[in-house]
There are 2 protein chains.
Amino acid sequence: MTSITRKQEIINTAALLFKEKGFNAVSMRDLAQEMGIKAASIYNHLPSKQSILGAIIFEVSVEFTNHINSVFDESRPILQKLEAIITMHIDLTLEKSEFLACMNNDWVHLNDADKKQYIKMRNAYEEKFRTLLRQGIREKALKPIDQEIMLFSILSTLRTFYLWYAKHKMLDFEKVKRDLCTTLLTGVRS
Amino acid sequence: MTSITRKQEIINTAALLFKEKGFNAVSMRDLAQEMGIKAASIYNHLPSKQSILGAIIFEVSVEFTNHINSVFDESRPILQKLEAIITMHIDLTLEKSEFLACMNNDWVHLNDADKKQYIKMRNAYEEKFRTLLRQGIREKALKPIDQEIMLFSILSTLRTFYLWYAKHKMLDFEKVKRDLCTTLLTGVRS
DNA sequence: ATACAAAACTAACAATCGTTAGTTTTGTGA
DNA sequence: TCACAAAACTAACGATTGTTAGTTTTGTAT
């Protein structure tokens with residue numbers, strides 16, 4: 001199975017380059033050079049440039065979907081569920097920050113079919129999140145604030161966490177997790 | 001002065017297109033077509049494609065810099081200053097969301113000189129923000145949480161607020177402002 | 001009506017893009 | 001050693017890119 005490995009190598013390298021320059025600013029020749037081969041050789045492993053982007057994005061978006069679904073179905077207090085989701089975002093950021101960056105910035109450049117599916121998955125994810133927030137408000141665990149603003153505020157922080165991670169090379173992972181949970185859930189004001 | 005007006009028209013149109021497809025996915029011919037002219041005609045008003053991007057980005061980044069500087073120098077309680085900054089971000093999002101989108105997504109594609117200057121301004125902005133947070137912690141107005149996490153959490157929400165605004169056509173502006181301040185400062189937990 | 005500048009045009013350039021076809025090299029198992 | 005597949009290569013294609021040069025149209029003030 002050296003083929004799958006080679007294919008995955010290309011995808012990983014592409015994610016790295018896409019993160020730094022953006023999908024459209026990276027040519028197949030750039031990617032090939034980074035791999036130490038010629039551009040045409042890439043097509044022995046993958047059918048198109050857009051398919052590489054698709055592979056990158058779905059690799060993480062599927063993970064997000066699976067994780068929120070399993071958390072959603074557990075029977076735990078709301079606040080613990082929210083903490084679990086936040087932790088999951090942080091974990092994924094640590095191990096696949098380039099993939100997350102691509103997903104955030106370059107999903108617009110997916111082909112029509114992939115884009116449609118991605119948006120569908122993202123909407124489903126947000127809907128699960130919204131449901132949890134609604135439940136939290138109903139149970140008086142959360143403030144009666146507009147759920148959309150809550151959702152947006154938390155998600156935008158989690159989604160761009162990879163930018164922050166790139167700068168601060170994560171000294172104490174457990175403290176970061178704790179502080180971020182505190183900030184997002186109970187705010188900064190004392 | 002119809003020249004300045006025409007130039008600004010091109011810049012505004014470019015911001016709109018760049019927001020939707022990204023800098024590299026918009027050709028000069030795309031932009032020209034949107035203006036109802038030919039690509040070459042654009043060069044009567046602006047020297048290059050990158051200069052358009054520069055004009056867009058510095059138009060807003062200068063505004064951000066000026067506003068935080070004036071808030072910084074006022075003598076008001078910390079929490080009021082933070083609220084003023086949040087409000088400023090919301091206001092700028094309302095009136096110039098395309099410009100903000102370009103700044104967030106496409107600053108990487110500035111030419112070297114412009115990019116250097118942009119990063120410098122952004123760092124200065126963040127440093128002022130950090131100083132305010134530090135002061136807030138010292139005065140016990142804010143929780144003794146890692147300042148970098150506070151800074152990142154608040155800024156990432158404010159910076160991507162334009163994404164949210166695009167979806168929810170802002171029914172009650174004052175309520176949105178209030179709820180966002182509450183969420184960012186005191187959190188969602190009741 | 002004339003003069004002049006603003007702003008559009010046509011035509012083309014060199015470079016680069018994603019991709020294909022066909023061929024050669026490399027590595028592995030029988 | 002032979003066969004075969006994996007994975008690289010060369011060469012080229014048609015399209016598109018940002019940009020330039022030179023020319024014509026449009027609008028305005030005298």
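A note on names: the letters A, B, ... follow the listed sequences, proteins ahead of strands, and every chain is numbered from 1.
- Rounded to a whole Å, the OH atom of Y43(A) is 19 Å from the P atom of dA12(D).
- Between the side chain of K115(A) and the main chain of H109(A), no donor-acceptor pair closer than 3.5 Å is present.
- Place I42(B) and K49(A) on DNA chain C by their nearest nucleotides, and I42(B) ends up nearer the 5' end.
- One finds a side-chain N or O of H45(A) lying less than 4.0 angstrom from the OP1 or OP2 phosphate oxygen of dA7(D).
- Picking from dG18(D), dA11(D), dA8(C) the nucleotide with the shortest atom distance to the side chain of A40(A) gives dA11(D).
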Check your understanding: Are N24(A) and F23(B) close enough, and set up right, to give a side chain to side chain contact (heavy atoms under 4.5 Å, CB included), and what steps lead you there?
Key -> CA-CA 9 Å; N24(A) 273 303; F23(B) 177 74; over 6 Å; no
Practice item. Run the numbers on K49(A) and L53(A) for side chain to side chain contact (heavy atoms under 4.5 Å, CB included), then give the verdict. Key: CA-CA 7 Å; K49(A) 192 187 176 190; L53(A) 183 62; over 6 Å; no
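- Interatomic distance, Y165(A) OH to F173(A) CZ, rounded to the nearest 0.5 Å: 10.0 Å.
- Positionally, the nearest nucleotide of DNA chain D for S41(A) lies more toward the 5' end than for the other of S41(A) and Q50(B).
- In terms of position along DNA chain D, the nucleotide closest to G36(A) lies nearer the 5' end than the nucleotide closest to the other residue of the pair N44(B) and G36(A).
- Residue S27(B) places at least one side-chain N or O closer than 4.0 Å to OP1 or OP2 of dT17(D).
- In this structure, the CG atom of L31(B) is 14 Å from the C1' atom of dT19(D), given to the nearest Å.
- Rounded to whole Å, the distance from CG on D30(A) to C1' on dA15(C) is 14 Å.
- At a threshold of 4.5 Å between non-hydrogen side-chain atoms, the residues K96(A) and E63(A) count as touching.
- Set against dG18(C), dG18(D), dA8(C), the side chain of I37(B) has dA8(C) as its closest nucleotide.
- Atom CZ in R29(A) sits roughly 13 Å away from atom P in dT10(D) (whole-Å rounding).
- Atom C1' of nucleotide dC17(C) and atom NZ of K38(A) are separated by 16 Å, given to the nearest angstrom.
- Rounded to whole Å, the distance from CD on Q33(B) to P on dC9(C) is 12 Å.
- Distance L46(B) CG to dA7(C) P: 11 Å, rounded to the nearest Å.
- When rounded to the nearest whole Å, the span between NZ of K7(B) and C1' of dA5(C) equals 17 Å.
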